[in-house]
Number of protein chains: 2
Amino acid sequence: MNEANDELAFEPHEEELLSRVAWHYYHDGLTQSEIGERLNLSRIKVSRMLDRGRRMGLIHVHINSSYGGCFALEARLQEIYGLDEARVIPAQETGNINDRLAEAASQYLMGRLKDQEMLAVGWGATVMGTLQRLARTLSYRDISLVSLTGGVSAYIEGVASGRSSQNVHLIPAPLVVSQESIAEAIRAERHVVEVMSMARTANYALVGIGAVADEATLIASGYASRSQFEIFRRQGAVGDIIGIFYDQNGVPLDLPFHKMLVGLDFDALSAIPQVIAAAGGSKKVDAILAAARGGRIDVLITDEPTAQAIIEKDQA
Amino acid sequence: MNEANDELAFEPHEEELLSRVAWHYYHDGLTQSEIGERLNLSRIKVSRMLDRGRRMGLIHVHINSSYGGCFALEARLQEIYGLDEARVIPAQETGNINDRLAEAASQYLMGRLKDQEMLAVGWGATVMGTLQRLARTLSYRDISLVSLTGGVSAYIEGVASGRSSQNVHLIPAPLVVSQESIAEAIRAERHVVEVMSMARTANYALVGIGAVADEATLIASGYASRSQFEIFRRQGAVGDIIGIFYDQNGVPLDLPFHKMLVGLDFDALSAIPQVIAAAGGSKKVDAILAAARGGRIDVLITDEPTAQAIIEKDQA
DNA sequence: GCACATCGTGATCATATGATCGACGAAAAC
DNA sequence: GTTTTCGTCGATCATATGATCACGATGTGC
């Protein structure tokens, strides 16, 4: 106070002045002009000092929240895999991870869906949870739903109840049938063809990512067996999206199983403007990593430990 | 004055949005309009969210402490009084000095508190302000709070609201009672004994330093009278920490008042690994000087003119 | 039912901020 | 010695920001 305000003929240490300025600016809420008057500096100089302080890392902004650490991961995921967007939710011991992912996915979609758009949906527990949370938004915004594969009717119908049915278009078939010929026949059905071509026009696709593990929903729901999974794994499968298994680079494998699926293929899926995947958990790390690598998805919604593991694994 | 009526808790996903906005603004350097476009918010709403985030302590600006503050004074204070650390904030005529000290104290503690540690807190306006700013960090890092004395419930409860109460341990009594026998009885209460012994295990103690002046918070809040203060002063008191008055060498006096306190004594306080005091203002120079001389504190957070005055006075 | 307070919202506008540019001076190169 | 180069400075101006206002939705009490 004594000499500090008087002529600063010789600079008191640069850093000291700088942090003094920063303190006044960020903690006291003074404007740059006020600081300038007080310390006999031109306003513009104060501005430059603050800029330098920020660039030099002297001024550090901390976000005091469990979300804070997630954003850095999001940025890296987006950058590494060229995603349109990544969402990472904070680690949390308690609570079902699928519920939390579904919550995040529905939030994301709510912010993104515009009136009268069309959402194509795939298969899986997280997708179901997301749709349940979205139900209101869907009818309110007059969003059409269309299925990417067979086998979704079971859970979509619950969501769609109370809505005018004309906005919900389901492929009236199971996800997988027992023979290639049957699958071909179903795919040739007029109604099936119609729904599938409608799905190609959707604005967004919402899909889950499955791990090649015994806990997979595909096994639990009887669409595949453990021994089949074992074979897939030997062939290099690390995960699946809408029933299609892919290798560690996200390239779809050539499996007989795929011929028995009723649903869109990867080319058709990729043609949808934005493919949104919600998945997490340690079992799914490889599956998500491969899908991201292969460019199978545009938006990834996952959780913090999984995101961390994906990035670490990728760099190894 | 700061009103404590700010909500401390966010709506579930409001915190995410707020954090995201803050991240884009401070880390990515996006403008508020850009953030608005990206997240489908009006520019003005983004502005308000940032404001709210700052007020509620979600966003914290940290000025790298190795340069921060007033170098020379900090170094001298540390050296003269053997402090672990001194923080001196720049002079500022306008603005409430307690708020600015509280800001500095909370910043110091944020950088220091580790997960699951325990913070013991004393009495006073600055302590209260610090706790308000720390509230988010405390719950986020799972910090336990414990009181060093009675009489803190009034303001701690505001801070602790929304947190699981098991992490906050208050001495359920006033700071001072009217008779020694009552104080003894209270100190013997099982619950009081428990809390006090817990306080002894804290990692840090955060205390204010009171001057022996008519403006003292002790007088304002009715715990002591002016005439009592006059008597204390005649006995050589220059200041108090957690209600205990000491002379110009920081040695506690033998006052009847002390026998009526409900709280830890100086020996117990000193046993806590780091005692952090935040205090400033011309009235408190003697009190702070004596506390520093007597080794009552390990960390001092004060303001520039006060630090200057302390050093000058000591050399006289 | 109505009036009323309260809150959240976006529009408007004054102010704060930072990008750009030319001027100046010091140090280095010629 | 001159010239060049570089960096710093402040003036100017476009833009970003936040204060204020007015409106509409919501809830409350009479």
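First the proteins, then the strands, lettered A, B, ... as listed; each starts at 1. Since this is a predicted model, take the numbers as computed values, not measurements. Just the heavy atoms: all of them, side chains too, but no hydrogens, waters or symmetry mates, feed the values below.
In terms of modelled atom types and a separation under 3.5 Å, the side chain of B/N96 and the main chain of B/N98 share a donor-acceptor contact. Using modelled atom types, one side-chain atom of B/R141 and one backbone atom of B/L113 make a donor-acceptor pair closer than 3.5 Å.
Minimum atom distance to the side chain of A/R48 is reached by D/dG10, of the listed D/dG10, C/dG10, D/dT17. When distances run from any side-chain atom of A/I44 to the nucleotides D/dG10, D/dT17, C/dG10, the shortest one goes to D/dG10. Nearest nucleotide to the side chain of A/T31, out of C/dG10, D/dG18, C/dT17: C/dT17.
As rounded to whole Å, 7 Å separates atom P of D/dG18 from atom CG of B/D51. Atom pair B/Y25:OH and D/dG18:C1' shows a separation of 10 Å (rounding to whole Å applied). Rounded to an integer number of Å, the gap from B/E14 CD to C/dG8 P is 9 Å. With rounding to whole Å, A/L30 atom CG is found 15 Å from C/dT17 atom C1'. For A/R43 and D/dC13, the CZ to C1' distance is 11 Å, given to the nearest whole Å. Between the CG atom of A/L41 and the P atom of D/dA11 there is a distance of 14 Å, rounded to whole Å. Atom CD1 in A/I35 sits roughly 12 Å away from atom C1' in C/dT17 (whole-Å rounding). The nearest whole Å value for the distance from the OH atom in A/Y26 to the P atom in C/dT17 is 10 Å.
For D/dG10, neither phosphate oxygen OP1 nor OP2 lies less than 4.0 angstrom from any side-chain nitrogen or oxygen of A/K45. For the OP1/OP2 pair of D/dT17 and a distance below 4.0 Å, the side-chain nitrogens and oxygens of B/S47 include no atom meeting the criterion.
A/R52 comes within 4.0 angstrom of no nucleic acid atom, judged by non-hydrogen atoms across all strands. Using a 4.0 Å heavy-atom distance criterion, A/R55 is classed as making no nucleic acid contact.
Taking 4.5 Å as the limit, every side-chain heavy atom of A/D115 sits out of range of all side-chain heavy atoms of A/D142. Side-chain contact between A/R112 and A/I276 is absent, with no heavy atoms from C-beta onward closer than 4.5 Å. Under the 4.5 Å side-chain criterion, counting only non-hydrogen atoms from C-beta, A/E304 is in contact with A/L73.
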